[in-house]
Each structure stands twice: as structure tokens, then as C-alpha cells.
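Sequence lines set the chain letters: A, B, ... in the order given, protein chains first and strands last, and positions in each chain run from 1.
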2 protein chains.
Amino acid sequence: MDWDRIRIFYTVAESGSFTKAGDTLGLSQSAVSRQISALEREVRAPLFHRHTRGLILTEQGELLWRAARDMTQRLEKTKAQLTETREHPSGELKVTTTVGLGSRWLAPRLGEFLDSYPDVRVEMLLTDEELDLSMRQADIAIRLRQPQQPDLIQRKLFTVHFHVYAAPSYIKRYGEPKSLEDLDNHRILSFGGTSPSYLLSVHWLGTAGRDPRNPRTPHLLVNNIAALRNAVEHGAGLAVLPDYLVEQGSTLVQTLRESEMPSLDSYLVYPEEMKTVARVQAFRDFLIQKAQRWTF
Amino acid sequence: MDWDRIRIFYTVAESGSFTKAGDTLGLSQSAVSRQISALEREVRAPLFHRHTRGLILTEQGELLWRAARDMTQRLEKTKAQLTETREHPSGELKVTTTVGLGSRWLAPRLGEFLDSYPDVRVEMLLTDEELDLSMRQADIAIRLRQPQQPDLIQRKLFTVHFHVYAAPSYIKRYGEPKSLEDLDNHRILSFGGTSPSYLLSVHWLGTAGRDPRNPRTPHLLVNNIAALRNAVEHGAGLAVLPDYLVEQGSTLVQTLRESEMPSLDSYLVYPEEMKTVARVQAFRDFLIQKAQRWTF
DNA sequence: CGTCATTCATGCGTTTTTCGCATGGTGCGG
DNA sequence: CCGCACCATGCGAAAAACGCATGAATGACG
């Protein structure tokens with residue numbers, strides 16, 4: 001059964017004549033007539049009483065007309081939803097990123113996003129594991145390494161710089177390291193544990209100025225970057241911290257400033273199939289804007 | 001927007017691949033692929049994620065899929081109703097006929113019809129006026145004269161014979177009329193009044209054996225045939241009555257048997273546009289059957 | 001980890017359908 | 001009583017759709 005004939009039938013029923021319906025549909029009267037005839041053959045029932053002054057629905061026509069009306073309404077509603085989905089961001093958005101970036105960088109900015117897009121509900125999944133976007137564990141991610149899968153759209157956001165930090169109390173007690181080799185005489189704190197290896201660049205203190213095959217063993221390993229920062233802040237030792245963890249006016253002191261530090265690029269990542277979803281586009285544009293205006 | 005593409009889309013969504021959908025629809029895979037592509041262009045949104053092992057609905061596809069599902073259900077329901085209407089009589093049926101035929105012939109038979117078709121509700125409109133079937137004052141009529149409009153389907157049912165009746169008490173008192181001319185010496189009762197002229201054939205007593213330009217004046221005119229019959233029965237005079245008014249074993253006496261009496265053919269009449277309605281067909285067949293088995 | 005099978009996209013020639021025009025017929029209104 | 005507005009239909013043209021074949025991609029399986 002050709003559904004398009006039902007659409008034509010509905011227009012005819014509404015306009016009350018083949019001629020008017022033809023004008024509405026951009027068809028000739030004969031074409032409309034034939035479509036209706038074909039439909040009547042399909043349902044094996046006359047749908048209109050042909051009068052000289054137009055058409056009157058038969059009993060069966062009335063039945064089909066109600067159906068066509070309901071179908072039209074249902075479709076119109078959906079078409080509106082489709083453009084809504086395309087033009088007005090709404091729905092749930094699962095965002096994943098690292099614990100550090102999420103809590104220190106993303107979370108403070110999310111309020112503004114929610115203000116701009118009140119129909120979007122955001123779920124933050126902060127974990128240092130990389131969730132599988134292809135499996136829809138999350139819709140969009142901020143990653144600290146470039147993704148490899150080709151079906152993932154990636155967009156660089158900003159570069160995270162790292163520096164060695166210490167607390168004034170620590171320096172007062174142990175002094176600043178004078179060189180990379182001098183690190184052997186200091187208490188080294190490090191991010192680590194079960195976290196993924198790509199974050200090991202913050203293990204720089206373990207190998208800097210030393211044979212990489214024989215790295216220093218940190219005096220403290222912790223798998224939470226905020227905890228690491230707090231340990232440094234209270235004078236537990238030296239640690240490589242990302243700059244976003246150190247707010248303006250912090251008491252933390254950068255040391256070994258002359259050394260070249262590792263850095264990581266952050267990427268906004270989402271599956272190619274999400275690129276048409278308005279809330280994803282809005283979130284992407286929002287983050288890009290925030291990343292541009294934000295400098296370390 | 002081509003609705004038929006939605007039908008195809010729904011089949012694809014259900015089967016999960018263009019190939020399977022093509023088999024289901026009797027189309028090639030390429031044809032299905034192009035239909036979906038065209039639909040995606042129409043809604044300006046991708047509807048499926050193409051995977052090697054099949055298809056997955058996008059967010060927009062999900063929206064459209066729900067609409068297509070609802071539309072399919074709605075249409076299926078209506079198609080069922082259409083065949084129901086075609087094959088199973090139901091709904092309201094407005095029947096009109098004369099007061100006499102309706103009360104004496106039709107009414108006693110309607111119970112059986114209602115038993116056979118419990119979903120049909122019958123409304124009897126008994127009037128000696130001819131209701132306009134084209135204006136839908138009634139769906140179907142039993143008429144005592146052949147209709148003229150060509151858009152009315154007519155089917156002859158039976159012939160109504162008329163005879164002159166009198167009560168035994170009347171004959172005892174006044175004797176039987178010996179000839180048509182002898183009618184001048186009798187009390188003549190007649191159907192009449194505002195009723196339509198075609199029933200004036202029962203005015204036969206007024207002109208029989210006499211110059212038609214100078215008819216006898218009846219001693220009683222009544223516009224209700226049952227009342228006329230009752231008047232005859234109680235000896236008020238002679239009257240032409242249709243045979244269906246005189247049951248077996250009645251005390252009424254036929255007189256002037258040798259004279260040629262007028263008769264009327266009864267017709268079942270309904271608009272051409274009702275011929276496909278199952279309850280009309282059922283009613284028609286029922287009445288034809290009853291008319292055949294019923295002989296005067 | 002390589003091979004294989006399955007699936008989708010697309011170009012091309014053909015077939016099928018559909019369309020518009022013109023004509024004829026019909027019924028209601030002025 | 002005429003005329004207008006409407007619908008049905010034949011016919012040729014146009015357009016859309018179709019099927020086939022091919023190519024590319026990707027997940028499954030040994």
C-alpha cells in the first residue's frame with residue numbers, strides 16, 4: 001500500500017475537491033483523481049461520493065480520513081521534534097573527562113552552559129579511565145590524549161602545562177632543588193596507581209635528570225590529583241601538577257622553572273554519529289569558546 | 001514529503017538492514033538505500049548509523065521510528081475497520097417505509113434481522129411521505145412506487161394486492177355489492193387526506209364502474225391505513241385494503257372478487273453510494289429473501 | 001592477525017510509473 | 001435553459017524509480 005496516497009487523500013478530503021487539492025499539492029486535477037482512484041482500488045472501497053460541486057466522504061472515507069488526520073498530526077509533531085532536535089539543544093548529555101579537569105576546569109564552567117541551554121541535562125562522568133564512546137558509555141569526552149579511532153571526531157581544546165610545585169613550608173625546610181639531579185635529595189610525590197599510563201607524563205620527576213631505566217621511586221603515590229595537590233600544599237614534597245590545579249594567588253611555588261616540562265593537549269571527542277545532535281554542537285561550541293578565552 | 005518513504009523507513013528500522021527490508025518490501029537493496037537517503041535529505045538529518053552488520057537508529061531516527069510505528073498502528077487499525085465495514089454489518093441503519101408496510105410487514109420481520117446482525121442498530125422511520133434518500137433522511141426505503149432518480153438503486157420486492165373488504169356485520173345489514181355500479185348504494189371508506197397521491201390507487205372504490213370525472217365521495221377518509229382497517233372491521237363500510245393488512249383467519253370478507261383490482265409493486269430503494277456498505281447489503285439480502293418466501 | 005563474508009553506496013541503462021494536457025460528460029445554479 | 005465548475009479518461013511525454021553490477025568498508029571467525 002502506497003502511504004503517499006493517504007497524504008494526498010487527506011488533502012483532498014480537507015479541500016473538498018480534486019481541483020483544489022491539486023492546487024495545494026502542486027498536481028493536476030487528473031493526477032489527484034487517479035491517485036484517489038488507485039487508493040480506492042487498494043482499500044477496495046469508494047472513499048468519496050462524486051458530486052458536481054465537490055466531494056463528500058463515504059462511510060469508509062470517513063474512517064480513513066480520521067486515520068489520515070491522526071497520522072498527519074503524529075507526523076507533524078515529529079517533524080517539529082526533528083527540527084527542535086536539530087536547532088534547539090535538549091535532552092541528556094553524558095560528558096566524561098578526567099577527575100582533575102572535570103572538577104577544576106569543567107565543573108566551574110558548566111553552570112553557564114546550563115543557563116544558556118536550560119533543556120539540556122548534563123551528566124558528568126569523572127574518571128581517569130577512558131570510557132568507550134562507541135559503546136555510548138558517554139556522549140562526549142574531554143581527553144588528554146589524541147584518540148585513534150577514525151569514527152571519533154576530535155577537536156583540540158587547549159594545552160595543559162605542567163610545572164613542579166612545592167609549598168613554601170617545604171622549601172623553607174628542604175630548600176629548592178637546584179638542578180634535576182638534585183631531585184634525588186627531595187621528597188617526590190606523584191600521581192599514579194591504577195590510572196592509565198598516558199597520564200604518566202606527570203611522572204616526569206621520576207626520570208628527569210636520570211637514567212629512565214632506573215627512575216626515582218616517589219615517596220607518595222596517589223591516584224587522585226586533588227589529593228596530590230593537597231599533599232604538596234601542606235609541604236609533603238615536590239610534585240608535577242597541571243597548571244589548572246593552581247589557582248591565581250595560590251601559595252604554591254613553582255620550582256625548576258628553567259626546565260622543560262611535559263605538556264598534554266586536551267581534545268574534545270565525540271562519535272561522528274553525534275555531530276548532528278544540537279546539544280552536542282552547543283556543548284562543543286561552548287567549550288571551544290571557553291578554551292579560547294582561557295589561557296594558562 | 002513523500003509518506004511512502006516513511007513506510008519503507010519503518011520496515012528498514014524493523015528489519016535492521018537495507019537488504020532484509022528490500023526482501024520484505026520486494027525491492028532491491030539499492031532501491032531501499034536510495035529511498036532512505038532521500039528521506040534523510042527530506043528531514044535533513046541522518047536516520048541510521050551505517051554499520052557493517054546492519055543499521056542503528058540515530059536519535060532523529062528514533063524519533064521518526066516512534067512516529068512511524070504509531071502511524072502504522074493507526075493505519076492497521078483503520079484497515080481492519082475498513083474490511084469490517086465491508087464484511088461485517090454494523091452501525092446504524094435508517095429504514096423508511098409507509099406506515100402500513102412498516103408496521104404490518106417489516107416490523108414483524110425485523111427481529112430476525114437484528115438477531116442475525118447484532119451490531120446493526122435499526123431506526124424505523126414510518127411515514128407515508130417519501131423521505132429524501134439523497135439528503136440522507138434515511139439510508140434505505142421500501143417504496144410503493146418506482147423511484148425516478150437514476151442515482152438510486154432499486155430492487156423490486158413483491159407486489160401488494162388490494163381487495164375490497166367488508167365486515168360480516170356490514171354485509172348482514174347492507175348486503176354485498178352486486179356490481180361496481182351497485183357501489184353507489186354502499187358506504188365507502190377510503191385512505192386519504194394529506195397522504196401522497198400515488199397511494200390514491202386505493203381510491204379505486206371512488207371511480208370503479210363510474211365516470212372518473214365524477215367520483216363517489218367516500219363516507220370516511222382517514223390518513224392511517226390501520227385505522228381504516230379497524231373501521232371496516234367494525235362494520236363502518238367497504239374499503240380497499242392491501243392484503244397484508246388482512247391476516248389469515250380474519251373475520252373480514254372479500255367482496256367484488258371478480259373485479260380487477262389495482263396493485264402496487266414495492267421496491268427496495270437506496271442510494272448508489274450505499275451499495276458498498278455491508279449493513280445495507282445485509283439488509284437488502286434479508287428483505288429479498290423474506291419477500292420471496294412471502295406470498296399473498 | 002589475516003581472510004572472508006556481509007553490508008551499504010553509487011553509476012548506468014532500462015523499465016515502470018506518473019504527470020499534464022485535452023476532451024468529454026454531468027449536475028447544480030443563475 | 002444555458003453555462004459553469006467539476007470529475008473521468010485517453011494519450012503522449014517526462015520523470016522517477018528500479019535492478020544490476022561494482023567498489024569499498026568493516027566486523028566476524030578461524
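The nearest heavy atom of DNA chain C to A:Gln35 and to B:Thr19 marks one nucleotide each, and the one closer to the 5' end goes with B:Thr19.
Contact annotation for B:Ser30: base contact, defined as any heavy-atom pair under 4.0 Å involving a base atom. The residue A:Gly26 sits close only to the backbone: its heavy atoms come under 4.0 Å of sugar-phosphate atoms, none of a base.
One finds no side-chain N or O of A:Gln29 lying less than 4.0 angstrom from the OP1 or OP2 phosphate oxygen of D:dT9. For A:Ser28 and C:dC21, the shortest distance from a side-chain N or O to OP1 or OP2 is not below 4.0 Å. For C:dG27, the OP1/OP2 oxygens have no side-chain nitrogen or oxygen of A:Thr52 closer than 4.0 Å. Residue B:His51 has a polar side-chain atom (N or O) positioned under 4.0 Å from OP1 or OP2 of D:dG27.
For A:Arg69, the CZ atom sits in a packed shell: over 12 heavy atoms of surrounding residues, nucleotides or ligands are nearer than 6.0 Å.
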Side chain to side chain contact (heavy atoms under 4.5 Å, CB included) assessment of A:Leu101 paired with A:Leu106: CA-CA 6 Å; A:Leu101 268 181; A:Leu106 182 57; 6.0 Å; no
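Rounded to whole angstrom, the span from the CG atom of A:Leu55 across to the P atom of C:dT26 amounts to 18 Å. Atom CZ in B:Phe48 sits about 15 Å away from atom C1' in C:dA9, given to the nearest Å. Atom CZ of A:Arg50 and atom C1' of D:dT9 are 13 Å apart (whole Å). Here C:dG20 presents its C1' atom at 15 Å from CG of A:Leu25, a figure rounded to the nearest Å. Taking atom CG of residue A:Leu39 and atom C1' of nucleotide C:dT18, one finds them 16 Å apart after rounding to whole Å. Between the CZ atom of B:Arg34 and the C1' atom of C:dT17 there is a distance of 16 Å, given to the nearest Å. Rounded to whole Å, the distance from CG on A:Asp2 to C1' on C:dT16 is 14 Å. The distance from atom CZ of B:Arg53 to atom P of C:dC4 is 15 Å, rounded to the nearest whole Å.
When side chains are defined from C-beta on, B:Val95 counts as touching B:Leu93, because their heavy atoms get closer than 4.5 Å. Side-chain contact between A:Arg155 and A:Tyr267: absent, with no pair of heavy atoms (C-beta onward) separated by less than 4.5 Å.
A side-chain hydrogen bond (donor to acceptor under 3.5 Å, both in side chains) check over residues 13-29 of chain A, counting only residues at least two apart or in different chains, returns the pairs A:Glu14-A:Trp65, A:Ser28-A:Ser30. Residue pairs meeting the side-chain hydrogen bond (donor to acceptor under 3.5 Å, both in side chains) criterion with at least one partner in residues 78-92 of chain B, sequence neighbours excluded, are B:Arg74-B:Thr78, B:His88-B:Asp119.
Near DNA chain D, meaning a heavy atom under 4.0 Å from it, residues 4-12 of chain B has B:Arg5 in order of number.
Residues A:Phe286 and A:Tyr117 keep their aromatic ring centres 6.0 Å or farther apart.
At a cut-off of 3.5 angstrom, counting only N and O atoms as typed in the model, there is no donor on one side facing an acceptor on the other between the side-chain of B:Ser17 and the base of C:dC8.
In this structure, of C:dC8, C:dC28, C:dG20, it is C:dG20 that holds the atom nearest to the side chain of A:Ala31.
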